Amino acid sequence: MDLLASLNPPQRDAVIHPGGPLLILAGAGSGKTRVLAHRVAYLIQERGLAPQRILAVTFTNKAAHEMRERIDTLLGGRVARPMWIGTFHAICSRILRADGEAIGVPSAFVIYDEEDQRKVVRDALDELGFDERRYPPALMHSMIGRAKDEALDVARYAARATSFMEEAAARVWQVYQRVLRARGALDFDDLLLETLRLLDEHPDVLHRYQERFEHVLVDEYQDTNRAQYLFVHALAGRHRNATVVGDDDQSIYRWRGADVRNILEFERDYPDATVVTLAQNYRSTKTILAAAHAVIQHNPHRHPKQLWTSNADGVPVTIYEALDGADEARFVAAEIQKRTSAGARLRDIAVLYRTNAQSRLPEEECLKAGIPYQVVGSVRFYERQEIKDILAYLRLTVNPGDLVSLRRALATPRRGIGDVTLQRLAAQAEEAGYAMLEAMRRPQVLESLPRTAARAIEEFAAIIATLTDAAATLPASQVIAQALVTTGYQTMLQDEGTEEALGRIENLRELVTVAQEVEESTGEPGLAAFLQHLALVADVDTYRGDADCVTLMTLHSAKGLEFPVVFVTGLEEGLCPHIRALDEEGGLDEERRLCYVGFTRAKAELLLTHARTRSIFGSPSVAVSSRFLEEIPQALTTSVVARPAWAEGVGSLGRGSGPGAQRRPVQTFAVGARVRHTKFGDGQVVEVEGEGDGAIVTVRFSGAVKRLALCYAPLEVAE
DNA sequence: GTAATGTGTTTTTTT
DNA sequence: AACACATTAC
């Protein structure tokens, strides 16, 4: 296959770049994923590079899968299998599993998620005798997290601490880290930091990986943090074949430690770097691109650049001013139905918002309207209660020292073991130098406990022992299936019998299926590998592009995706830009980039909505439309304003409620377009006067020619 | 030791 | 509005 035929000149330059550092500045929709896939395929096919000598870092697992598939398609066959491709976290996890023992990381380490981490922080505060009111756990946790993003260690952080709070955080961090280590656990940041430490302290390991990876490619480079930066530069240090791709305008993870300087200063890091700029957009209409550009150009300190496209002008951007959140949701649902009845596919439509909480109203409206939808994110699959409960048992079998999991497993199903018993156990275990699980098996320990408690403990220890045996020989999926029964968890849910409980059983079955799939795709059947994999699943990894439904998700999750029709909802001051971002240095710029990312997801049609009142924590408050909306030139937009309920039924169209029925959101029709009117039937547009809200179209129907006010006439595009 | 009730808090965004 | 956490009652 000719890998270059379908590429434009700069894309081709990037693909055939012989070696040495390469920076690809790729604007939204400029085909960067394609270029990366083609470059890898080219290296393999034309340069004869062995796939296992390539390391590619993507932002999500989903992107990793897609990349692998694209490369396979380009080359024909499953060529990309031996190539390492995944997120920073997944790749570091793999390295640590293989080589972590050298720095004392057990290969079956568990990964603590946000909730687990919070518990450890609170334990640490407790141990230090710090009052949670004076030292909020959330604040302590985030201070530690930010420091880790910058690849600091406790000692250096403590040394440079300037405030009282920072000194406190340093002490908490110290205990936090000791606790994690004692439990054989790592948090997300540790995956990177421990890998860096491994590479630093064991030059032989560093050299092995450096030697192996002749090419290192990194996608979404604008969203890498300091630790990730160091990782890339360490691994590419030998061959110097680092290819990084990114767009400073799409940097939206600063709050997570992402440092846009990584991309802006790549040329300083590598003075001999080749820079390729991809400025042609293949995704969006001229109108959408112009609107997006109008917004982003308000940001200072950006690489000045302007995307262009040879695509059509397309239709204007719709701006809808809703009465409130519910009205906004009704508008969205009505517009979706309009488009699907005109032949659009549900999977081509996305509804985006700033915060997860905003998904509720559109969800309800979709439900009412019978529109199938999927929500990406909000409650993550593996963070569901039932999943975490079962995982707690499994984690214990892999890692007996995991106290967070022990506490969790002991609590559900209820076994009559509470804090009192647990503390007695812990005290005895410490005294005798046993691990907790070990103490549970000692007769002399059990004897000292009340009879009922002792029997419950025995039973629990037996369950863990059975599962541990199973985990030693069986693949993860079978261990999980067994755990559902052995722990009594499934019985508990069945007895409960509520719809919710049955849903939970469903989720647990799904977990078994997921395990089977992961076993197949990774070829690593063990429970430890599965658990580590599971902890690294991102929200957007659950997005099913092939499902026949509308997609609801946050602006963050939407990065890297595209849809013919995109709604961006809640464009109000305080929401987008978010109020919490406004008092952070540079926060507004990042909100604007987020908005830009949202706009540039749209291929054909972009609909922006905001509400006049918005419920915050249950109580309604007046909302002002987002400054980002004001930044879009009116020439590019069509505005629709909701009519308040009290004006309903005056004069016209008294059918039903909701904006879809009472006031027709304005569509635009070109002269010649075939249209359908509910009363007059099919016709053809012969003239358009004015535009937007006040437009009047003249339509020739089979019987008569009519002049119709677009905002009131029940007129649609005919399919 | 558990279930029920009450209170306060929360929302940015996520690997 | 929804949820986590604490207190209270059993």
Side-chain angles (χ1 to χ4, degrees), chain A residues 57-64 86-93 111-115 117-119 122 132-133 136-138 142 145 148-149 186-193 220 223-225 227-228 251-258 325-326 352-361 364 376-380 382-383 385 410-423 450 452-453 456 532-542 553-559 570 574-584 587 590-591 593-595 597-598 614-620:
Chain A
V57 186
T58 56
F59 201 68
T60 64
N61 295 296
K62 190 180 160 50
T87 63
F88 278 107
H89 292 89
I91 284 163
C92 287
S93 180
I111 299 170
Y112 272 12
D113 68 11
E114 211 73 26
E115 187 187 350
Q117 292 168 30
R118 242 190 344 257
K119 282 184 182 151
R122 297 183 69 172
E132 290 196 2
R133 303 244 281 267
S142 80
K148 285 185 167 189
D149 288 334
L186 302 180
D187 65 21
F188 291 125
D189 300 313
D190 287 342
L191 291 172
L192 274 147
L193 296 181
E220 309 284 8
D223 281 322
T224 51
N225 64 27
Q228 292 164 339
S251 168
I252 55 174
Y253 284 94
R254 209 183 62 123
W255 50 274
R256 207 172 77 188
L352 310 181
Y353 36 77
R354 178 66 179 83
T355 68
N356 279 305
Q358 287 168 257
S359 74
R360 220 188 79 241
L361 291 169
E364 281 171 14
V376 174
S378 73
V379 188
R380 262 173 263 179
Y382 79 92
E383 278 176 12
Q385 197 185 346
L410 276 170
T412 12
R414 300 222 144 78
R415 308 177 182 283
I417 305 167
D419 273 350
V420 179
T421 310
L422 198 60
Q423 265 166 28
T452 45
Q532 288 164 12
H533 168 91
L534 211 62
L536 300 177
V537 170
D539 278 344
V540 70
D541 292 333
T542 64
M553 65 181 144
T554 62
L555 290 164
H556 281 91
S557 290
K559 188 172 82 158
L575 203 49
C576 184
H578 197 278
I579 186 139
R580 299 285 288 259
L582 289 178
D583 42 47
E584 282 165 36
E590 175 136 326
E591 295 294 299
R593 290 193 291 269
L594 197 51
C595 194
V597 166
R614 173 81 55 185
S615 284
I616 298 166
F617 301 143
S619 48

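Chain identifiers are assigned alphabetically (A, B, ...) following the order of the sequence lines, protein sequences preceding nucleic acid strands; residue numbering begins at 1 within each chain. It should be emphasised that the depicted structure is a prediction, and the values quoted were computed from it without experimental measurement.
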Under 4.0 angstrom between A:Thr554 side-chain N/O and B:dT14 OP1 or OP2: yes
Pairwise C1' distance, C:dA6 and B:dT11 [rounded to whole Å]: 22 Å
Aromatic ring pairing A:His556/A:Trp255, orientation class (parallel under 30°, perpendicular over 60°, tilted between): perpendicular
Check ion pair A:Asp223-A:Lys559 (N to O, under 4.0 angstrom): yes
Side-chain N,O (A:Ser615) to OP1/OP2 (C:dA1) below 4.0 Å: no
CD1 on A:Ile252 to CD on A:Glu591, rounded to 0.5 Å: 10.0 Å
Closest nucleotide among B:dT14, C:dA2, B:dT15 to the A:Arg360 side chain: C:dA2
Any A:Asn356 side-chain N or O less than 4.0 Å from OP1/OP2 of B:dT11: no
Atom pair distance, as rounded to whole Å: OH in A:Tyr253 and C1' in B:dT15: 9 Å
Sugar-phosphate, base or nothing in reach of A:Glu590, heavy atoms under 4.0 Å: nothing
Proximity to the side chain of A:Thr355 - top-ranked nucleotide from B:dT14, B:dT15, B:dT13: B:dT13
Nearest-Å distance for atom pair CD/C1', residues A:Glu220 and B:dT14: 14 Å
Whole angstrom value for the distance that separates P of B:dT13 from CG of A:Leu582: 15 Å
Centroid-centroid under 6.0 Å between A:Phe59 and A:Tyr253 rings: yes
Residue A:His556, side-chain atoms from C-beta onward, closest of C:dA1, B:dT11, B:dT13: B:dT13
Touch class at under 4.0 angstrom, heavy-atom based, for A:Arg118 against every strand present: nothing
Sugar-phosphate, base or nothing in reach of A:Phe59, heavy atoms under 4.0 Å: nothing
Between CD on residue A:Gln358 and CG on residue A:Leu352, distance to nearest 0.5 Å: 10.5 Å
Sugar-phosphate only, base, or nothing, as touched by A:Gln117 at under 4.0 Å among non-hydrogen atoms: nothing
Side-chain ion pair, A:Glu364 and A:Arg360, N-O less than 4.0 Å: yes
d(NZ, A:Lys148; C1', B:dT15) in whole Å: 13 Å
Nucleotide nearest A:Trp255 (side chain, heavy atoms from C-beta), chosen from B:dT13, B:dT15, B:dT11: B:dT13
Phosphate contact (C:dC5 OP1 or OP2) by A:Arg122 side-chain N/O below 4.0 Å: yes
Between B:dT14 (C1') and A:Arg256 (CZ): distance, integer Å: 5 Å
Between C1' of B:dT14 and CD of A:Gln228, the distance in whole Å: 12 Å
Rounded interatomic separation in angstrom, taking CD1 from A:Ile616 and C1' from B:dT11: 10 Å
Gap between atoms NZ and P, on A:Lys62 and B:dT15 respectively (whole Å): 13 Å
